[in-house]
Amino acid sequence: MLWAGPEIMRYRRALLPTVKEAPSDATTASHSLLLRAGYVRRVGAGIYSFLPLGLRVLKKIERIVVEEMDRSGAEQVLLPALLPAEYFKESGRWEVFGPELFRLKDRKDADYHLGPTHEEIITDLARREIRSYRDLPKNLYQVQTKFRDEPRPRAGLLRCREFLMKDAYSFDADAAGAEASYRAMRDAYTRIFDRTGLTYRRVAADAGSMGGSKNEEFQVLVQSGEDIIVACEKCEYAANLEVAVSRVTPPPAAAGSVPAAAPVETPNQKSIEEVSAFLKVQPSQLLKSLVYRAGKRVVLAVMRGDHELNEDKLGRALGVKELELADAATVKELTAAPVGFAGPVGFQGEIFVDTAASQVPDAVCGANAADRHLQHVVYGRDYSGKVLDLRSVVDGDACVECGSQLKRYRGIEAGHIFVLGTHYSQKMGATYLDQEQKKQTLVMGCYGIGVSRLVAAAIEQHHDDFGIAWPISIAPYQVHLVQLGDGERVERAVREIEAGLEAKGLELLVDDREERPGVKFKDADLIGIPLRVTVGDRGLDKGQVELKRRTVKESRNVELAGAVEAIWSEVEQLRSEDQRASAHSKGQK
RNA sequence: CGGGGCGUAGCGCAGUUUGGUAGCGCGCACGGUUCGGGUCCGUGAGGUCGGCAGUUCAAAUCUGCCCGCCCCGACCA
């Protein structure tokens with residue numbers, strides 16, 4: 001792998017500055033370990049230099065991505081990072097992007113910016129070069145540095161202002177073609193993530209600001225992840241919590257008709273727990289009424305008492321990005337009651353009712369009066385509103401697909417694929433001529449992978465108290481040879497193993513420093529290369545060297561004569577184990 | 001942008017409350033010692049105390065303004 005540096009690196013020559021103490025500003029494991037193990041150095045907020053070891057990992061991941069993109073039939077290009085403003089002005093994103101865009105002026109005072117993503121630039125290329133249905137489909141991708149002036153860069157490589165991204169854009173004649181391109185990318189991404197050796201899950205997701213329709217995220221599963229995802233234990237269903245749904249069983253209806261709604265005194269009983277205990281009814285029979293404010297708009301959201309409202313879902317229903325629970329004063333003004341007694345019956349204003357709430361046959365809800373609730377409330381009879389899914393899925397919910405249990409996980413979004421449709425092509429007039437000589441709009445898809453983010457995500461998933469523990473496919477080197485002592489016998493054994501491993505095309509880091517063994521072992525654990533080989537007098541006395549996996553406590557001794565073969569087969573085994581672990585992790589193909 | 005915190009040697013920190021001209025550990029250099037899980041001892045180099053302005057005989061310490069960084073929230077690969 002020439003393009004990531006030498007196959008054999010001697011520690012004495014290498015820039016590999018490990019440090020014992022973590023810099024105080026590093027809070028996440030990957031951030032701290034990347035700094036401590038000498039992979040990266042901070043240059044500014046959300047701006048990092050990759051040191052030799054860090055670059056090797058980055059290149060390893062990039063290589064997997066490139067190979068699988070090429071295999072999928074996509075073609076690599078390289079678009080500029082420095083962009084004249086005209087393209088983003090044309091699409092409207094010069095304004096939409098706001099302060100997140102790094103803007104600059106040239107000497108003639110013309111507007112420029114650094115590319116945060118490249119839909120406009122690629123669409124411009126497409127409208128110039130794609131003219132006929134014969135030119136379709138096309139899928140163009142690049143691996144390139146992106147710039148986004150994030151409101152809050154954080155956690156080292158996890159959220160940077162300058163980061164390495166693979167972005168791909170597909171162009172098709174029609175929706176069916178775009179769908180096929182999308183599926184091809186999904187397959188490529190599955191191969192890519194499998195090959196990284198990471199545990200991940202492909203999940204349905206919110207399209208967000210990309211303006212597309214169908215989309216899925218590739219989430220690397222880690223406890224420290226920012227995103228919450230929901231996945232079925234049995235089948236393939238998995239979704240970001242923002243859009244996750246589940247089957248909900250309505251509480252059973254009592255025999256006979258429900259009596260007319262009637263008020264009941266509930267002095268000081270505000271919370272669901274209080275009211276349910278006070279009136280001796282299940283929380284699932286209560287209706288929770290939440291007053292939300294989105295700008296000037298104020299709405300009432302009605303949930304079943306035992307359910308959690310999902311603000312992303314409500315936000316989408318309202319078509320707004322930001323919303324918040326109304327303050328006590330607003331609630332009082334709208335419901336004529338303190339917080340805790342709001343209800344949909346007689347509420348003057350917009351009402352959104354969660355599907356499960358609407359199905360409660362005989363409900364209790366706030367009466368919009370202090371210390372009072374209403375019993376025997378029925379949706380459709382006593383109140384109405386827009387019924388839709390507003391609920392956050394929780395652990396143990398039933399899968400919509402198969403009814404098995406759903407479970408929540410945390411993840412880091414490392415990839416996202418979209419069917420974009422004609423959003424950009426329409427705006428920018430990217431068209432082609434079909435067989436009938438008719439002008440048609442190109443149908444697009446876009447597909448991103450955060451390459452530098454994957455470096456951090458991999459560490460978040462693969463580390464312990466001592467350091468990093470790379471999956472072998474993305475480790476900077478496969479073998480870490482610890483040389484103990486500089487006697488002639490040791491030197492000779494090291495050379496012999498080096499030569500043998502080089503002949504097999506393995507990559508190794510040789511710790512040839514004049515350090516005590518303890519220092520070398522600690523650094524080896526910190527750096528995290530998957531296989532450690534120790535060559536020292538103690539073993540050579542018996543004609544042996546020691547093999548140790550980074551993730552296993554025990555080591556084993558092998559004969560020096562067969563060491564190269566033993567190392568080779570160990571590496572092969574690590575490779576296949578990682579692949580199996582990854583492919584097994586998400587039960588989807 | 002709202003809220004909180006921090007800037008003193010390469011890294012981690014003390015010193016700031018109560019102004020008196022800067023210290024500890026790690027690392028680094030040199031000498032010795034040790035040598036299979038961050039040896040031990042000694043010597044030494046290294047700092048415009050984030051910047052600017054002010055108060056004062058005197059400012060790391062007090063005041064003002066500015067800059068940078070980190071953490072918690074709304075966004076994203």
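The basis for the numbers below is simple: all heavy atoms, side chains too, and nothing from hydrogens, waters or symmetry mates. All chains are named by letter (A, B, ...) in the order of the sequence lines, taking the proteins before the strands, and each is independently numbered beginning at 1. Remember, predicted model here, so these are calculated numbers, not experimental data.
A:Tyr447 and A:Asn139 share no side-chain donor-acceptor pair at under 3.5 Å. Judged by distance alone, the side chains of A:Tyr182 and A:Glu216 do bring a donor and an acceptor atom under 3.5 Å apart. Side-chain contact, A:Glu119 with A:Thr117: a donor N or O sits under 3.5 Å from an acceptor N or O.
A:Thr27 has a side-chain polar atom (N or O) that falls below the 4.0 Å cut-off from OP1 or OP2 of B:rC71. The side chain of A:Lys20 places an N or O atom within less than 4.0 Å of a non-bridging phosphate oxygen (OP1 or OP2) of B:rG27. In terms of phosphate contacts, A:Arg148 brings no side-chain nitrogen or oxygen within less than 4.0 Å of OP1 or OP2 of B:rC76.
The base of B:rC76 sits with one of its N or O atoms less than 3.5 Å from a complementary donor or acceptor on the side chain of A:Arg453. Below the 3.5 angstrom threshold, one finds a donor paired with an acceptor across the side chain of A:Asp525 and the base of B:rG37. Between the base of B:rG36 and the side chain of A:Glu546 there is a donor-acceptor pair shorter than 3.5 Å.
As rounded to the nearest Å, B:rG44 and B:rA60 have P atoms that lie 26 Å from one another. For the P atom pair drawn from B:rU43 and B:rG64, the interatomic distance equals 45 Å after rounding to whole Å. For the P atom pair drawn from B:rC49 and B:rG38, the interatomic distance equals 39 Å after rounding to whole Å. Between B:rG15 and B:rA53, the two C1' atoms lie 25 Å apart (nearest whole Å). Comparing the same atom, C1', in B:rG2 and in B:rC75 gives a spacing of 15 Å after rounding to whole Å. Across the C1' atoms, B:rG4 and B:rG47 are found 30 Å apart, a figure rounded to whole Å. For the P atoms, the distance linking B:rG7 with B:rU17 amounts to 14 Å, nearest Å.
Among the atoms of the strands shown, only primed sugar atoms or phosphate atoms (P, OP1, OP2) are found under 4.0 Å from some heavy atom of A:Gly415. Contacts of A:Glu150 with the nucleic acid, taken as non-hydrogen atoms under 4.0 Å apart, include base atoms. Heavy atoms of A:Val19 sit nowhere under 4.0 angstrom from any nucleic acid atom. In this structure, A:Asp227 reaches the bases: a heavy-atom distance under 4.0 Å links it to at least one base atom across the strands shown. Residue A:Ala26 is classed as having no contact, given no heavy-atom separation below 4.0 Å to the nucleic acid. Residue A:Ala524 is classed as having no contact, given no heavy-atom separation below 4.0 Å to the nucleic acid. Residue A:Gly539 is in base contact, counting any heavy-atom pair closer than 4.0 Å across all strands shown.
Partner A:His113 forms a ring pair (Phe, Tyr, Trp, His ring centres under 6.0 Å) with one of A:Trp94, A:Tyr87, A:Phe147 and no other, that one being A:Trp94.
Comparing A:Gly448 and A:Arg532 by the nucleotide of RNA chain B that holds the closest heavy atom to each, the one mapping nearer the 5' end is A:Arg532. Each of A:Leu484 and A:Ile449 was matched to the nucleotide of RNA chain B holding its nearest heavy atom; the match closer to the 5' end belongs to A:Leu484.
Among B:rG36, B:rA77, B:rC70, the nucleotide with an atom closest to any side-chain atom of A:Glu413 is B:rA77. When distances run from any side-chain atom of A:Arg161 to the nucleotides B:rG37, B:rC69, B:rU34, the shortest one goes to B:rC69. Here the side chain of A:Glu226 is nearest to one of B:rG36, B:rC71, B:rC76, namely B:rC76. When each of B:rG38, B:rC70, B:rC76 is scored by its nearest atom to the side-chain atoms of A:Asp523, the top-ranked nucleotide is B:rG38. You'll find that the side chain of A:Pro517 is closest to B:rG36, out of B:rG36, B:rG37, B:rC76. When distances run from any side-chain atom of A:Arg154 to the nucleotides B:rA77, B:rC71, B:rU39, the shortest one goes to B:rC71. Picking from B:rG36, B:rA74, B:rG38 the nucleotide with the shortest atom distance to the side chain of A:Arg36 gives B:rG38. Considering only the side chain of A:Glu21, B:rG25 comes nearest among B:rG25, B:rG36, B:rA77.
B:rU43 is paired with B:rA29 under the criterion used here, namely a Watson-Crick or G-U wobble arrangement in which both key atom distances are under 3.5 Å. Under the Watson-Crick or G-U wobble criterion, with both distances below 3.5 Å, B:rC6 is paired with B:rG68. Here B:rC76 sits opposite no nucleotide as a Watson-Crick or G-U wobble pair (both hydrogen-bonding atom distances under 3.5 Å). Under the Watson-Crick or G-U wobble criterion, with both distances below 3.5 Å, B:rG54 is paired with B:rC62. With a cut-off of 3.5 Å on both Watson-Crick or G-U wobble distances, the partner of B:rG36 is given as none. Nucleotide B:rG23 forms a pair with B:rC13, judged by Watson-Crick or G-U wobble geometry with both contacts under 3.5 Å.
Environment of CG in A:Asp541: crowded, with over 12 heavy atoms of neighbouring residues, nucleotides or ligands closer than 6.0 Å.
As rounded to whole Å, 10 Å separates atom P of B:rA77 from atom CZ of A:Arg159. What separates CG of A:Asn240 from P of B:rC75 is a distance of 12 Å, to the nearest Å. For the pair A:Phe466 CZ and B:rG37 P, the interatomic distance rounds to 14 Å; values are reported in whole Å. Between the P atom of B:rC75 and the CD1 atom of A:Ile228 lies a distance of 14 Å, rounded to the nearest Å. Straight-line distance from the CG atom of A:Leu35 to the C1' atom of B:rG12: 13 Å, rounded to whole Å. Rounded to an integer number of Å, the gap from CG of A:Leu526 to P of B:rG38 is 15 Å. Computed from coordinates, the A:Lys146 NZ to B:rC75 C1' distance equals 18 Å when rounded to whole Å. Here B:rU39 presents its P atom at 12 Å from CZ of A:Arg513, a figure rounded to the nearest Å.
In this structure, A:Phe521 forms no aromatic stack with the base of B:rG36, since the conditions of centre separation below 5.5 Å and plane angle below 30° are not both met.
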Worked check of ring pair (Phe, Tyr, Trp, His ring centres under 6.0 Å) between A:His118 and A:Tyr169:
CA-CA 9 Å; A:His118 282 72; A:Tyr169 307 89; 7.5 Å; no

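A:Lys146 contributes no side-chain N or O that, together with a main-chain N or O of A:Lys166, makes up a donor-acceptor pair within less than 3.5 Å.
Under the 4.0 Å criterion applied to side-chain N and carboxylate O atoms, A:Arg36 and A:Glu21 are not assigned as salt-bridge partners. A salt bridge between A:Lys542 and A:Glu559 is absent, with no side-chain N of the basic residue lying under 4.0 Å from a carboxylate O of the acidic one.
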